[in-house]
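Numbers restart at 1 for each chain; the letters A, B, ... are given by sequence-line order, proteins then strands.
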Amino acid sequence: MKYWLMKSEPDDISIDDLQHSPQQTMSWQGIRNYQARNFIRDEMNTGDSVLFYHSSCKVPGVVGIATVVSQPQRDDTALDPQSRYFDPKSDPSKPRWWQVDIQFTAKLNHIVSLQQLKSDPALQDMVLVTKGARLSVQPVTAEEFCHIVSLGQ
DNA sequence: GCCAACGTTGGC
DNA sequence: GCCAACGTTGGC
């Protein structure tokens, strides 16, 4: 089983939105970055654990835990001209963009802020903390995952 | 809202 | 295949 961090803008989709979705589950659509796509398509599996991160907000940071509950699937929003994620260059027979379903697992008791992550010696190798890291889906180690969860309790 | 750091596009 | 121009991300 693998560990991941996934970013979301809470004004768009927050951890509360995920918690209150049907079956507490959402299809994680709209990833339009090849590196992130490759992680989803090639490495994600049912049962993987996800740190849910709020970005582009007042206090960016990890706010909860989710679980991958599907195998990687084609992201059909890329083929839908009505969708904000429509990609006219995506070929239906050769899917370019992929998604998984994620399910709400828990909220942390309190946010583990980006500031906190940056200042923690145990987390200096996190992708998130490296300069200019914009990846919206990124791997974390088991140690980083457990450490961050413990910080949020 | 600014802007640095990235990623992508497309002409050559 | 280089690289300038452009678009996006996301912290501040």
Side-chain angles (χ1 to χ4, degrees), chain A residues 2-21 26-44 48-68 72-102 104-141 143-153:
Chain A
K2 291 185 171 140
Y3 298 89
W4 306 96
L5 181 146
M6 293 167 81
K7 295 179 185 174
S8 184
E9 299 186 18
D11 288 345
D12 185 14
I13 298 171
S14 71
I15 187 77
D16 293 319
D17 295 329
L18 179 63
Q19 183 174 12
H20 297 117
S21 293
M26 297 185 70
S27 293
W28 208 247
Q29 298 174 315
I31 300 295
R32 296 293 179 267
N33 169 284
Y34 288 104
Q35 220 180 332
R37 186 280 309 272
N38 291 346
F39 283 132
I40 291 173
R41 185 190 59 187
D42 303 336
E43 296 196 43
M44 279 198 180
D48 286 359
S49 289
V50 176
L51 294 172
F52 199 98
Y53 178 91
H54 282 175
S55 68
S56 292
C57 55
K58 199 167 181 186
V59 182
V62 175
V63 292
I65 304 168
T67 303
V68 176
Q73 310 157 9
R74 189 176 71 185
D75 180 351
D76 284 329
T77 61
L79 306 173
D80 176 7
Q82 305 302 324
S83 170
R84 59 193 277 211
Y85 300 125
F86 178 57
D87 177 4
K89 292 179 183 168
S90 189
D91 178 352
S93 68
K94 206 165 177 288
R96 175 186 287 198
W97 303 116
W98 291 68
Q99 67 183 50
V100 288
D101 294 347
I102 64 168
F104 174 84
T105 302
K107 271 168 87 163
L108 299 183
N109 290 328
H110 52 83
I111 185 170
V112 181
S113 69
L114 177 62
Q115 193 181 15
Q116 204 176 343
L117 298 171
K118 279 180 171 174
S119 65
D120 192 319
L123 300 173
Q124 291 317 293
D125 291 333
M126 277 191 79
V127 177
L128 186 78
V129 167
T130 63
K131 192 177 182 185
R134 305 189 327 190
L135 257 187
S136 58
V137 175
Q138 51 182 263
V140 299
T141 67
E143 292 76 16
E144 289 162 350
F145 185 94
C146 293
H147 187 63
I148 291 169
V149 170
S150 72
L151 291 175
Q153 283 168 349

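- Residues satisfying the side chain to side chain donor-acceptor pair (under 3.5 Å) criterion with A:D120, sequence neighbours excluded, are A:H147.
- Proximity of residues 48-60 of chain A to DNA chain C (heavy atom under 4.0 angstrom from any strand atom) is restricted to A:Y53, A:S55, A:S56, A:P60.
- To the nearest 0.5 Å, atom OG of residue A:S136 and atom CD1 of residue A:I31 are 3.5 Å apart.
- Partners of A:K2 by salt bridge (charged side-chain N to carboxylate O under 4.0 Å, His left out), not counting sequence neighbours, listed by chain and number: A:E43.
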Identify each atom pair where a protein N or O and an N or O of nucleotides 8-12 of chain B are less than 3.5 Å apart, giving names and distance.
{"from": "B:dG10", "atom 1": "OP2", "to": "A:K89", "atom 2": "NZ", "distance (Å)": "3.4"}

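- By the salt bridge (charged side-chain N to carboxylate O under 4.0 Å, His left out) test, A:E9 pairs with no residue at all, sequence neighbours left out.
- Taking the ring pair (Phe, Tyr, Trp, His ring centres under 6.0 Å) definition, one finds that A:Y34 meets it with A:W97, sequence neighbours left out.
- For A:W4, the ring pair (Phe, Tyr, Trp, His ring centres under 6.0 Å) partners at least two apart in sequence or on another chain are A:F39.
- In this structure, A:Y85 has no ring pair (Phe, Tyr, Trp, His ring centres under 6.0 Å) partners at least two apart in sequence or on a different chain.
- Listed by chain and number, the residues in a side chain to side chain donor-acceptor pair (under 3.5 Å) with A:T67 are A:T105 (sequence neighbours excluded).
- Applying the ring pair (Phe, Tyr, Trp, His ring centres under 6.0 Å) rule to A:F104 yields no partners; only residues at least two apart in sequence or on another chain are considered.
- In terms of the side chain to side chain donor-acceptor pair (under 3.5 Å) criterion, A:Q35 has no residue partners (sequence neighbours excluded).
- Within residues 119-136 of chain A, the residues that have a heavy atom under 4.0 Å from DNA chain C are, in order of number, A:R134.
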